[in-house]
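First comes the structure, then the notes that go with it.
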There are 2 protein chains.
Amino acid sequence: MKEYNLKTIKHIAEKVQLSVSTVSRVLNGKTKKYRISDKTSELVLKAAKELNYSPNLLARGLRLSKTFTLGYITPDIANPFFSRIADNVEKYARQKGYSVVLCGSEEDTNVEKSSVKILADRQIDGLIISPVSQEIQHILDLRKRKIPIVMIDRYFPDMGIPFVTSENYKGAFESVKYLIESGHKRIACIQGLKNTLPIMERVRGYKTALKEHNIEIDETLIVGDNFSEQNGYIETKLLMKKANSPTAIFGLSNLISFGAMRALKEEGLSIPNNISLITFDDLPYLDFLSPSITAVEQQGNEIGNIATKILIDQIETGRSYESEGIFLPTKLTIRNSVKKI
Amino acid sequence: MKEYNLKTIKHIAEKVQLSVSTVSRVLNGKTKKYRISDKTSELVLKAAKELNYSPNLLARGLRLSKTFTLGYITPDIANPFFSRIADNVEKYARQKGYSVVLCGSEEDTNVEKSSVKILADRQIDGLIISPVSQEIQHILDLRKRKIPIVMIDRYFPDMGIPFVTSENYKGAFESVKYLIESGHKRIACIQGLKNTLPIMERVRGYKTALKEHNIEIDETLIVGDNFSEQNGYIETKLLMKKANSPTAIFGLSNLISFGAMRALKEEGLSIPNNISLITFDDLPYLDFLSPSITAVEQQGNEIGNIATKILIDQIETGRSYESEGIFLPTKLTIRNSVKKI
DNA sequence: ATGTTTTGCACAAACGTTTGTGCAAATGAT
DNA sequence: ATCATTTGCACAAACGTTTGTGCAAAACAT
């Protein structure tokens, strides 16, 4: 295998006996502006092709203070909700000429902070993030550097940072309403991370639905504190041991509900006969379970696309996004996991 | 909000009235080598902290020809098999001080080519890739530039490029053996992309198992040609319309089998009474379906971790990996989707 | 006091780009 | 033939680092 020396603009310049500036201008299509003759232009292009030239994006980035790089910080890329978003973020970005560097926050603010710093040091042009907590100074710091940011799923309102999320309140409200209309009164709600807005909004939807139907809110039925499968599992176990156990569970995320299902199965409780279930996040397999599970669908694809579009728009126009938050409608897909009682 | 000017080494130098070289050396902990006094060292560190200095990784990368960046090219990050791998790749890399830029290939060689080029231009230190096809010149070109590469899942043997994959042959062999021992003779096999090695190996395992049990191979039962859910769906529909339809289906990936299940459900065929099913790729929900689905588990976490470890080892030692391929064992988890006949 | 070694740092080049400006040569006008 | 304009390109600086080398001043030795 023969040694392969990376070619630079300089090599082209030497080969065609021109200056690097001329070569650069030709390669960047600025021949008119700098009055490069067609003859030299062709010469340069031919040489570039022959040498298999490819620009060093580090150097360009350094010079231009523009890297065509986006950061994407996600709590858990293995979660299908986030991986679907990542898929769309990456595709959209690539189509627009941007690359995305993927960083995990592992649902841990300190990890998130260090990921933000790494991305900042890499001089990203913009950031997409689903922030772990309400601790956001590191994100505001980024903004001070004039780096556009878009939040996904989780967000902070009134900070002037645009976000794309679902109609969490409405989605939860409709679900619980449906449960109530099916005759349920003791409805448990297993939360994700408590101080995230989607969860706060979903819980608010849950509570409002109960109130509107004159059902007293039993705080002992509002349990859980993170997005893990384990959380769903444990809380379900505990719920079902209660003296006055619920007749329905509303799981506020896919993993939580999965944990709930695992617990119910272990306990020999059947859905929907012994207990009804509705979950946030729809996934294809939910339709194949017995019973199939009623779910609140979020538009993961659109969330990713829109967030990336907004971000790139901000980067390229310099304008900050006019309307702060975008709430995408959810859809309650009714299946067979809720019993009429 | 006050303007925030990014601080450079130069600003520190001015502030403490020293040269940039001294500052750089202090910041890089090279005080002994260059005999920087403790006094100046402390002075510099203090100033750096005060100014909230953070290094520009582009500039450093340019100077050092080392970016601490890995590329990860995957056919479909939304596929849980790949997103799990991505999760582990990113975590391992981060722990070792590397970032990963995520690129999709969309199961398309041309997209893959352009992704490779983008990453190369970004001067990545190494690449992890699940190549789409056997067309690999672009990957060999990367290698000519001395950029270490590790292949995941899909690979080409005997090219001197290390890879981490599953024991596809054995996993398939065991599955089909199990089907045969359950009394099945007409076993269909729905493939993914035909010219990928995992598929070739799985099909080989399938065929060998049949042969060893003196069952004639019926090529019309070997169908399908890509990894999509649709492929599984369509091929299953066609299979079940056949005069002599199979009694069992072996789906060679999670999405394929999911498509198969959808088709079977639509056709009103029940698993395992009307047809048995085994799938490659285990996922948590398979245990919750009725019936639960027998599956060949691949160690996604380990694949990601090992591949990243190998890659970074190569980058940092400069040695190419001694043994070319790593085959991780699969595990057949027997559930209730196969009927004894 | 003189010579030698050590200490402590600064200078400048380099990594590969992009771009404002300057300056000959070619072209045009009269 | 002379002057003005246009054409076509080169020079050099800059982006923020890192690092080989050079050179005073300080410390030491005699």
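Values in this document were obtained by computation on a predicted structure and should not be read as measured data. Chain letters run A, B, ... following the sequence lines, proteins first, then strands; residues in each count from 1.
With sequence neighbours left out, the side-chain contact (heavy atoms from CB on, under 4.5 Å) criterion links A/D76 to A/A78, A/N79, A/L255, B/D87. When the side-chain hydrogen bond (donor to acceptor under 3.5 Å, both in side chains) test is applied to B/N56, no partner is found at least two apart in sequence or on another chain.
B/R60 has its CZ atom 14 Å from the C1' atom of D/dT19, to the nearest Å. Following rounding to the nearest Å, A/Q123 (CD) and C/dT17 (C1') show an atom-to-atom distance of 15 Å. For the pair B/Q17 CD and C/dA10 P, the interatomic distance rounds to 9 Å; values are reported in whole Å. One interatomic measurement links the two molecules: OH of B/Y53 to P of D/dG16, which rounds to 10 Å at whole-angstrom precision. Rounded to an integer number of Å, the gap from CG of A/N56 to P of C/dA14 is 17 Å. Regarding A/I9, its CD1 atom lies at a distance of 16 Å from the P atom of D/dC9, rounded to whole Å. Regarding B/L62, its CG atom lies at a distance of 13 Å from the C1' atom of D/dA14, rounded to whole Å. When rounded to the nearest whole Å, the span between NZ of B/K66 and C1' of D/dT19 equals 18 Å.
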In residues 121-131 of chain B, what donor-acceptor pairs under 3.5 Å come from side-chain atoms, sequence neighbours left out?
| residue | atom | partner | partner atom | Å |
| --- | --- | --- | --- | --- |
| B/D121 | OD1 | A/S54 | OG | 2.5 |
| B/D121 | OD2 | A/S54 | OG | 3.2 |
| B/D121 | OD2 | B/K117 | NZ | 2.9 |
| B/R122 | NE | A/S99 | OG | 2.8 |
| B/R122 | NH1 | A/T67 | O | 3.4 |
| B/R122 | NH1 | A/T69 | OG1 | 2.8 |
| B/R122 | NH2 | A/T67 | O | 3.4 |
| B/R122 | NH2 | A/F68 | O | 2.6 |
| B/R122 | NH2 | A/S99 | OG | 3.2 |
| B/D125 | OD1 | B/T67 | N | 3.1 |
| B/D125 | OD1 | B/T67 | OG1 | 3.3 |
| B/D125 | OD2 | B/T67 | N | 3.3 |
| B/D125 | OD2 | B/F68 | N | 2.5 |
| B/S130 | OG | B/I152 | O | 3.0 |

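In this structure the side chain of B/I136 reaches within 4.5 angstrom of the side chain of B/F156, judged on heavy atoms.
Remark: A/Y34, A/R35, A/I36, A/S37, A/T40 in residues 34-46 of chain A come within less than 4.0 Å of DNA chain D through at least one heavy atom. Across residues 18-32 of chain A, A/L18, A/S19, A/S21, A/T22, A/R25 each have a non-hydrogen atom less than 4.0 Å from an atom of DNA chain D (numbered order).
Within the structure, every pair that satisfies the salt bridge (charged side-chain N to carboxylate O under 4.0 Å, His left out) test and touches residues 50-61 of chain A, not counting sequence neighbours, is listed here: A/K15-A/E50, A/K46-A/E50.
Contact check on A/E90 versus A/R94 returns a salt bridge, with a Lys/Arg side-chain nitrogen under 4.0 Å from an Asp/Glu carboxylate oxygen. A salt bridge links A/E135 with A/K113: the distance from a Lys NZ or Arg NE/NH1/NH2 to an Asp or Glu carboxylate oxygen falls below 4.0 Å.
Atom CG of residue A/L102 and atom CD1 of residue B/I77 lie 7.0 Å apart, to the nearest 0.5 angstrom.
A/T67 comes within 4.0 angstrom of nothing in the nucleic acid, heavy atoms only.
Neither side chain, B/S41 nor B/T31, offers a donor N or O lying under 3.5 Å from an acceptor on the other.
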